[in-house]
Amino acid sequence: MEDKKISYGKEKDLSLKTLIALTRCYQSVHKRETRTIKEAGVTVSQFAVLELLYHKGDMRVCEITEKVLSTAGNMTVIIENLVKDGMVTRTIDANDRRVNLISLTEKGRRIIADNFPEHVDNVNEIFSVLSTEERENLLKLLKKLSGV
């Protein structure tokens, strides 16, 4: 079968190639980044919740959902599993009895404290192929592309 090269114009072709490269890059980085998370015995989403609570303290479910870029339905399942596994607790907010506060248990704190430093080292290793200046430029470009 003959490979047909269809062009949509130089700019559009470049945009498509950039999208493909960005997608492949994300998949590669994500696969390598999640290695240490899986070694911790939790899912990527669970790790994100544990890390957020570890660094920011007790939070409302809606705050966690917003910070880890999840959906409310998915976050409910993630938190339920973390509660069931004894990594977080759910308590009623004294200031607003309609709201649940999520807190790390000692087990959850130990899991994230024991595994986060290795995770940071792993992420740093992934990006070590770029100089500091290249990382700073990449970060600026990604924020620009994201509209942030």
Side-chain angles (χ1 to χ4, degrees), residues 3-91 93 99-148:
D3 226 3
K4 244 176 25 175
K5 175 81 168 133
I6 299 173
S7 176
Y8 296 95
K10 188 175 180 178
E11 285 296 311
K12 290 179 182 177
D13 288 351
L14 180 59
S15 292
L16 289 169
K17 286 179 183 178
T18 303
L19 176 64
I20 291 167
L22 182 63
T23 302
R24 286 185 178 147
C25 177
Y26 168 76
Q27 290 172 342
S28 173
V29 167
H30 183 68
K31 182 178 179 181
R32 291 180 286 158
E33 179 253 344
T34 58
R35 178 187 58 81
T36 52
I37 294 171
K38 290 177 183 174
E39 289 172 1
V42 295
T43 67
V44 172
S45 298
Q46 288 173 329
F47 191 86
V49 171
L50 294 175
E51 184 274 326
L52 182 64
L53 295 171
Y54 183 70
H55 287 104
K56 301 290 184 183
D58 300 351
M59 297 185 93
R60 297 169 156 207
V61 177
C62 61
E63 294 171 315
I64 296 170
T65 303
E66 183 181 304
K67 296 280 187 197
V68 299
L69 306 175
S70 184
T71 63
N74 188 42
M75 189 51 60
T76 300
V77 173
I78 294 164
I79 290 173
E80 279 298 319
N81 288 331
L82 288 169
V83 168
K84 186 175 67 178
D85 292 339
M87 291 184 248
V88 301
T89 58
R90 183 185 306 115
T91 56
D93 186 343
V99 174
N100 284 311
L101 279 179
I102 307 302
S103 308
L104 281 177
T105 63
E106 187 52 43
K107 178 181 179 182
R109 185 173 310 286
R110 188 177 61 251
I111 288 171
I112 199 68
D114 289 350
N115 291 281
F116 196 73
E118 184 181 348
H119 177 69
V120 172
D121 288 344
N122 183 44
V123 170
N124 191 56
E125 176 66 27
I126 291 166
F127 286 97
S128 69
V129 298
L130 301 174
S131 69
T132 300
E133 183 180 343
E134 288 172 325
R135 291 181 212 194
E136 289 169 349
N137 288 334
L138 178 60
L139 183 58
K140 286 178 191 169
L141 291 170
L142 291 173
K143 284 182 175 183
K144 184 177 183 178
L145 190 60
S146 298
V148 178

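- With values rounded to the nearest 0.5 angstrom, Glu33 atom CD is found 14.0 Å from Glu125 atom CD.
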Apply side chain to side chain contact (heavy atoms under 4.5 Å, CB included) to the pair Asn115 and Glu39, showing each step before the final yes or no. CA-CA 8 Å; Asn115 291 281; Glu39 289 172 1; 5.5 Å; no

Pairs of donor and acceptor atoms involving the side chains of residues 43-54, under 3.5 Å and at least two apart or interchain, shall be tabulated with distances.
residue: Thr43; atom: OG1; partner: Gln46; partner atom: N; Å: 3.0
residue: Thr43; atom: OG1; partner: Gln46; partner atom: OE1; Å: 3.4
residue: Gln46; atom: OE1; partner: Thr43; partner atom: N; Å: 2.9
residue: Glu51; atom: OE2; partner: His55; partner atom: ND1; Å: 2.7

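- Put simply, the residue from Val88, Asp114, Leu104 that forms a side-chain contact (heavy atoms from CB on, under 4.5 Å) with Arg109 is Leu104.
- Between Phe116 and His119, the angle of the ring planes lies from 30° to 60°, which puts this pair in the tilted group.
- The distance from atom NZ of Lys144 to atom CG of Leu139, rounded to the nearest 0.5 Å, is 13.5 Å.
- With sequence neighbours excluded, the residues that form a side chain to side chain contact (heavy atoms under 4.5 Å, CB included) with Asn122 are Arg35, Thr36, Ile126.
- Between atom NZ of residue Lys12 and atom NZ of residue Lys17 there is a gap of 15.5 Å, rounded to the nearest 0.5 Å.
- With Ser28 contributing its side chain and Arg24 its backbone, the two residues share no donor-acceptor pair below 3.5 Å.
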Name each donor-acceptor pair under 3.5 Å that joins a side chain in residues 66-74 to protein atoms two or more places apart or in another chain, with its distance.
residue: Ser70; atom: OG; partner: Asn74; partner atom: ND2; Å: 3.1
residue: Thr71; atom: OG1; partner: Asn74; partner atom: N; Å: 3.2

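- In this structure, Glu133 CD and Glu136 CD are separated by 7.5 Å, a value rounded to the nearest 0.5 Å.
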Is there a side chain to side chain contact (heavy atoms under 4.5 Å, CB included) between Asp85 and Val42? Walk through the geometry before answering. CA-CA 10 Å; Asp85 292 339; Val42 295; over 6 Å; no

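- Taken to the nearest 0.5 Å, the CD atom of Glu134 stands 11.5 Å off from the CG atom of Leu141.
- The backbone N or O of Ile64 sits nowhere less than 3.5 Å from a side-chain atom of Lys56 that would complete a donor-acceptor pair.
- Of the possible polar contacts, one joining the Arg135 side chain to the Phe127 backbone as a donor-acceptor pair under 3.5 Å is found.
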Side chain to side chain contact (heavy atoms under 4.5 Å, CB included) for His30 and Thr34? Distances and angles first, verdict last. CA-CA 6 Å; His30 183 68; Thr34 58; 3.5 Å; yes

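- For the atom pair CG (Leu14) and CG (Leu19), the distance works out to 11.5 Å, reported to the nearest 0.5 Å.
- Between Ile102 and Arg60, every side-chain heavy-atom pair lies at or beyond the 4.5 Å cut-off.
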